[in-house]
Amino acid sequence: MVAILIASLITSVVSANPPRPGTEANGLTENESATLWSRDADAYITQAEYQQRYGDTRTVIHQLANGTDITFKRPPATAATWTRNDFTDLNAGDTETSVYPPHAALHDGEFIKDAHATIFAVQPSTHGHLESGVTPHYIAPEGTLRGFIDYRVRVPNESDTAESTTWSLAAHEIEEIRLQKDGETIAKTSGTHTPVLDYQISDDWNATLTLEADIHVRLRQAVRTGAGTQSAGTVSYHTETHTVSDSIAVKIYDLSASPYYATFPNGDAGVAIFQTQPWQGYTLTDETDARVRGIWRFYTARDTNWDTLVSANQTASTEYESDAIPVYVHAYPSRIGPRAEPVRDGPDILETWGIKRGTPTGTIDENVDIEVVNQSYTTTYGVAVRSQTLDREALRVAGIVRGVNASIVEPPSGSERQLRESTLTADILWQNQSQALVEVQLRDSQTGDPIVLANESRWSPIGGDTREGYITIGEKRVETNAFGIALVTLDDPDIYTARYYPGSWLGKNPAYVSDTATVRWHPLGTIDGWFAFIFESFWQLIPFFVMFYAGHRLLRMLGPEDLFQQDQ
């Protein structure tokens, strides 16, 4: 067999500019498709330039997206919609041509060449940007994997002087396509270059998804020997089956939430929810817009691995711009931070807690312009709020993967808190001209019992025994002892407000609300202070007394007549 090899001809294609919004029917409006391309180069052009270049006008959102990147409060459905529709534009080659993305793992057999099975997209899913080196791919427990499979067939061309051999392709097919989770087949199909596999995964966390396909070809070989009437021929068949695959590591994103409730003295409701993985936030009622969200925000960006495709035959390969581009949702910690809605009349965020992580800026593409945290941050794995309205039956906890909401697990018996009023007092025990000693007392308004504070750093307050909290007065932070008393030394005369910060109501029962007390310290508040004030004032007035005395003596020495004569 003589193989004719011609050097590959590769045309470099850079697809930094995705399709213009409104130019493709991908199930999205122009505004929606304009928000997809956070990984594009934001080379802004004016409306006049745009109209001159394309003979068309653009929407306000399209214009905005041309100069910056659009972010979202919740994971949008646009990425999955675009991906589902754009996938239909992915076309395989013929038997002599294989089409594949540049990152595909190619396999060669004797007759099967440039074979691959490559995962196109898994939806719904979200790429998380937690910190440097931590970028998990979260997928919904129920979703769809789309793949691309292709190959070409090498048909031999052999002959010699003794016999004539003719090769031809008898049959070829993609026999079976399997979706596997950690080696276990969870879905299968057959006979297509663009498989769509629906899956359901439960009771798992980390997993490896594998797209696997069996490619089968059958070639006919006819051999004829001799010449004329003396010729004879034989026919034989040759088969080859090749298995190709592609794998990705994912995290199965399945949420469950146990809310903890409290009732404030004025009737307001408190609720706190904790998760050990990133989550979006929760709504408090069905009838109002009351909701709270954590630190996570979202953007959408294309998978640049599919910007181009390669078309390869036996003699050459050509790279060209792809007509099918998958788009993913990305979650990142935002400098905007946790927010409650409505902004003015919505719930109050009492506390957030989580773990400390470094900035994920290094994991985000240089062309993505978003308000990601640029220093260490605390993940909002837990959020506690106070609200005037709360419908426990309508409580909905949303995740960072579109469509994944947490199942609500009722809290254990006795976990609900009835918050009590606290009474804070501040009195001056002793003072002089330069210092004052203030006694701060904190007690339960209902029972009069002292409230003992301990301030320990904890990343999750739910279920603990330590009472967090502290009192501030001036710029000092103090804690009460076993008698509910704290002593504070003040150095500057002023009016001071002492404030009790009770911390989380989740860690102790009973729990309390804040209170304030005011104390005024002035040096004239004591006899010693008055004596010091008079003494200091006397010393300050001595120069005036000396001047007055000297002037008086001078008048007596000279007399009025002498002064008159001098004037003359």
Side-chain angles (χ1 to χ4, degrees), residues 9-93 99-103 120-121 123-127 146 148 194 297-311 317-330 332 364-372 402:
L9 174 64
I10 299 178
T11 304
S12 178
V13 179
V14 179
S15 183
N17 297 313
R20 284 192 301 117
T23 61
E24 295 190 6
N26 288 91
L28 300 176
T29 66
E30 180 179 349
N31 280 342
E32 290 173 330
S33 61
T35 66
L36 289 174
W37 314 112
S38 290
R39 198 172 261 139
D40 66 336
D42 294 321
Y44 180 78
I45 62 175
T46 65
Q47 286 284 63
E49 291 174 314
Y50 185 88
Q51 188 169 15
Q52 182 179 9
R53 182 180 301 181
Y54 301 109
D56 194 7
T57 58
R58 55 188 173 176
T59 65
V60 174
I61 296 297
H62 184 185
Q63 182 180 4
L64 178 64
N66 180 215
T68 187
D69 295 320
I70 308 297
T71 61
F72 304 87
K73 301 175 184 177
R74 294 177 286 278
T78 51
T81 302
W82 173 277
T83 301
R84 181 178 64 251
N85 287 279
D86 216 40
F87 181 65
T88 61
D89 296 333
L90 191 59
N91 297 309
V99 176
Y100 52 86
H103 71 285
F120 183 78
Q123 302 284 5
S125 68
T126 296
H127 287 279
R146 289 176 169 81
F148 184 40
T194 52
R297 287 180 69 91
F298 308 89
Y299 68 91
T300 55
R302 75 189 193 279
D303 183 350
T304 55
N305 286 328
W306 291 86
D307 280 357
T308 60
L309 295 174
V310 178
S311 175
S317 62
T318 303
E319 188 173 358
Y320 61 95
E321 188 171 351
S322 174
D323 288 329
I325 302 175
V327 176
Y328 280 104
V329 175
H330 294 253
Y332 67 96
I364 296 175
D365 191 276
E366 63 181 357
N367 286 330
V368 177
D369 183 17
I370 54 175
E371 73 294 347
V372 62
R402 182 185 58 83

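Index from 1, following the sequence.
- Of all heavy-atom pairs between Tyr328 and Ala121, the closest is OH-CA, 3.0 Å.
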| request: Decide yes or no on side-chain contact (heavy atoms from CB on, under 4.5 Å) for Asp69 and Asp40, but give the supporting numbers first. | output: CA-CA 9 Å; Asp69 295 320; Asp40 66 336; 3.8 Å; yes
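- The side-chain hydrogen bond (donor to acceptor under 3.5 Å, both in side chains) search around Thr71 returns Arg297, not counting sequence neighbours.
- Every residue meeting the side-chain hydrogen bond (donor to acceptor under 3.5 Å, both in side chains) condition with Tyr332, not counting sequence neighbours, appears here in chain and number order: Glu371.
- Under the rule for a side chain to side chain contact (heavy atoms under 4.5 Å, CB included), the partners of Glu49 that lie at least two apart in sequence or sit in another chain are Ile45, Thr46.
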| field | Stepwise side-chain contact (heavy atoms from CB on, under 4.5 Å) test for Ser322 and Thr308 | value | CA-CA 5 Å; Ser322 174; Thr308 60; 5.6 Å; no
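- The nearest pair of heavy atoms linking Thr83 to Ala79 is OG1-O, 2.8 Å.
- Screening residues 20-37 for salt bridge (charged side-chain N to carboxylate O under 4.0 Å, His left out), with sequence neighbours left out, gives no hits.
- Checking Pro19, Pro18, Pro326 one by one against Trp82, the side-chain contact (heavy atoms from CB on, under 4.5 Å) holds for a single residue, Pro19.
- For the atom pair Arg402 CZ and Thr78 OG1, the distance stands at 9.0 Å (nearest 0.5 Å).
- Every residue two or more places apart in sequence or in another chain that forms a ring-ring contact (aromatic ring centres under 6.0 Å, His included) with Phe87 is listed here: Phe120.
- Every residue meeting the side chain to side chain contact (heavy atoms under 4.5 Å, CB included) condition with Asn305, not counting sequence neighbours, appears here in chain and number order: His103, Asp303.
- Legend: residues meeting ring-ring contact (aromatic ring centres under 6.0 Å, His included) with Tyr44, ordered by chain and number and at least two apart, are absent.
- Listed by first then second residue, pairs satisfying salt bridge (charged side-chain N to carboxylate O under 4.0 Å, His left out) with a partner in residues 70-84 read Lys73-Glu341, not counting sequence neighbours.
- For Val329 against Pro76, the heavy-atom pair with the smallest separation is CG2-O, 3.7 Å.
- Defined by atom type and a distance below 3.5 Å, a donor-acceptor pair is missing between the side-chain atoms of Gln51 and Thr57.
- Judged as a side-chain hydrogen bond (donor to acceptor under 3.5 Å, both in side chains), and not counting sequence neighbours, the contacts of Asn26 are Asp86.
- For the side chain to side chain contact (heavy atoms under 4.5 Å, CB included) test, residues two or more places apart in sequence or in another chain that qualify with Asp365 are Arg39, Asn367, Val368.
- When every heavy atom of Val310 is checked against every heavy atom of Tyr320, the shortest pair comes out as C-CE2, 4.4 Å.
- Residues satisfying the side-chain hydrogen bond (donor to acceptor under 3.5 Å, both in side chains) criterion with Thr68, sequence neighbours excluded, are absent altogether.
- Taking each heavy atom of Val327 and Gln123 in turn, the nearest pair found is O-NE2, 2.9 Å.
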| task | Please lay out, stage by stage, how Thr300 and Trp37 fare under the test side-chain contact (heavy atoms from CB on, under 4.5 Å). | result | CA-CA 6 Å; Thr300 55; Trp37 314 112; over 6 Å; no
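- For His62, the ring-ring contact (aromatic ring centres under 6.0 Å, His included) partners two or more places apart in sequence, or in a different chain, are Tyr50.
- Here the side chains of Asp323 and Leu90 are not in contact, with every heavy-atom distance at 4.5 Å or above.
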| request: Under the side-chain contact (heavy atoms from CB on, under 4.5 Å) rule, what do Val372 and Tyr299 come out as? Steps first, then yes or no, please. | output: CA-CA 11 Å; Val372 62; Tyr299 68 91; over 6 Å; no
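- No donor-acceptor pair closer than 3.5 Å links the side chain of Thr35 to the backbone N or O of Ile70.
- Distance check, rounded to the nearest 0.5 Å: CG of Leu309 to CD1 of Ile325 gives 9.5 Å.
- Of all heavy-atom pairs between Pro102 and Glu319, the closest is CG-OE2, 3.9 Å.
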